[in-house]
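Structure, as structure tokens:
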Amino acid sequence: MAQIGGVQSWCLGVTLQLILAAVLHQGLATVAPPTTAQTTAAPHKAPGRPEKGNYVITRSNGTACLLASMGLQLNVTFNSVSQNKTVQDVVNLQPNLTKASGSCDVDRASLLLSMDAEKTNLTFTFTQNTTTNKFHLSEVSLFADWPDMREPVSASNRSLDFLRGTSGFSYMCHEEQTLTVAQDLSINTFQLQVQPFNVTGDQFGAAEECQLDEDDMLIPIIVGAALAGLVLIVLLAYLIGRKRSHAGYQTI
Ligand SMILES: *[C@@H]1O[C@H](CO)[C@@H](O)[C@H](O)[C@H]1NC(C)=O
Ligand SMILES: *[C@@H]1O[C@H](CO)[C@@H](O)[C@H](O)[C@H]1NC(C)=O
Ligand SMILES: *[C@@H]1O[C@H](CO)[C@@H](O)[C@H](O)[C@H]1NC(C)=O
Ligand SMILES: *[C@@H]1O[C@H](CO)[C@@H](O)[C@H](O)[C@H]1NC(C)=O
């Protein structure tokens with residue numbers, strides 16, 4: 001009987017491992033980001049994920065007033081000289097070649113990123129409503145004068161409503177987010193965290209997470225809960241089984 005008990009628990013152990021492996025594999029498969037098919041028509045190969053840059057704007061007294069940490073990818077439509085047609089070019093910002101400057105006012109803060117000896121200027125302007133203490137990204141403008149452009153691209157939009165947050169908190173979005181600025185410009189952001197107002201010290205305040213991240217977090221939570229339930233059921237079955245075989249042993 002003791003022999004059978006041992007075999008039984010060994011079987012249970014193996015079954016449990018198999019179930020765990022199956023569920024985990026399933027979970028991971030669901031969590032893995034969907035591979036976006038690249039359009040074959042795209043003339044340029046899309047670059048990989050952009051490197052994350054950390055940008056700080058300071059007041060004249062040296063204290064930080066705007067913090068931003070993000071990977072940026074520009075998607076610009078322009079008239080190509082080499083291809084003699086309109087093309088979409090996707091370009092990653094390289095943080096080590098990017099200079100940050102800007103300004104901070106009570107209700108307006110801006111971050112200007114300059115690259116390639118000022119051949120690319122990208123400006124983000126945040127607006128704060130001091131009554132409601134809410135902020136958002138209200139303006140984006142890009143000036144780009146790249147070698148293959150027939151004429152420089154100048155795109156801007158002053159009526160945007162992206163990255164909505166609360167003053168004193170930071171806005172965070174780990175997931176890729178696309179900010180559509182104009183017909184010829186969209187910006188993909190990666191692992192973004194910004195705090196354009198009420199910065200204390202040089203650290204981000206508590207983060208308000210974007211909806212995309214919250215949706216993403218839901219899957220592991222559901223998988224975790226399902227796993228916990230499964231483990232409990234298997235454990236109960238095992239305990240009941242053990243009690244039975246034990247009782248059987250005693251009567252013999
Ligand atoms: C760039 O923009 C075009 C059209 O606006 C879109 O079809 C394409 O998927 C975008 N590429 C990336 C990498 O975001
Ligand atoms: C780009 O920004 C720099 C400041 O960093 C400025 O001096 C320059 O004039 C800007 N270039 C254009 C074309 O706007
Ligand atoms: C701030 O928000 C309030 C309430 O939504 C609105 O009435 C007011 O016009 C806003 N102020 C500014 C400057 O946008
Ligand atoms: C500016 O952005 C708004 C909101 O996304 C959009 O409705 C509008 O068409 C944009 N304006 C231009 C000139 O692209």
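Note that the coordinates shown come from a computational prediction; the quantities given were computed from them, not determined experimentally. Start at 1 and go down the list; that is how both ligands and their atoms are numbered. Numbers for residues simply follow the sequence, beginning at 1.
The contact set between ligand 4 and Val181, taken as ligand atoms under 4.0 Å from a residue heavy atom, comprises 1 (C), 14 (O). Ligand-side atoms of ligand 4 in range of Leu160: 2 (O), range being under 4.0 angstrom from any heavy atom.
Between Asn121, Thr120, Thr123, Leu113, it is Asn121 that holds the heavy atom closest to atom 10 (C) of ligand 2. Of the candidates Asn133, Thr132, Asn129, it is Asn129 that places a heavy atom closest to atom 2 (O) of ligand 3.
Protein heavy atom in closest approach to atom 5 (O) of ligand 2: Ser114 OG, 3.1 Å. Counting protein heavy atoms only, atom 4 (C) of ligand 2 is closest to Leu112 CD2, 3.9 Å.
Distance check for atom 14 (O) of ligand 2: a protein heavy atom is found below 4.0 Å. For atom 7 (O) of ligand 3, the nearest protein heavy atom is 4.0 Å or more away.
Asp107 and Gln128 are not linked by any side-chain donor-acceptor pair at a separation below 3.5 angstrom, with hydrogens and angles left out of the test. At a cut-off of 3.5 Å, with distance as the only test, a side-chain donor of Thr178 or Asn188 sits close to an acceptor on the other residue. For Arg150 and Asn84, the side-chain atoms include at least one donor-acceptor pair closer than 3.5 Å.
Environment of CD in Gln183: sparse, with no more than 12 heavy atoms of neighbouring residues, nucleotides or ligands closer than 6.0 Å.
For ligand 4, one of its N or O atoms has an N or O atom of Asn157 under 3.5 Å away.
Residues Thr130 and Val106 have side chains in contact (heavy-atom distance under 4.5 Å, counting atoms from C-beta outward).
Minimum heavy-atom separation, Ser110 to Ile57: O-CG1, 4.3 Å.
Note on ring orientation: taking the six-membered ring where Trp is involved, the planes of Phe78 and Trp146 are perpendicular (angle over 60°, cut-offs 30° and 60°).
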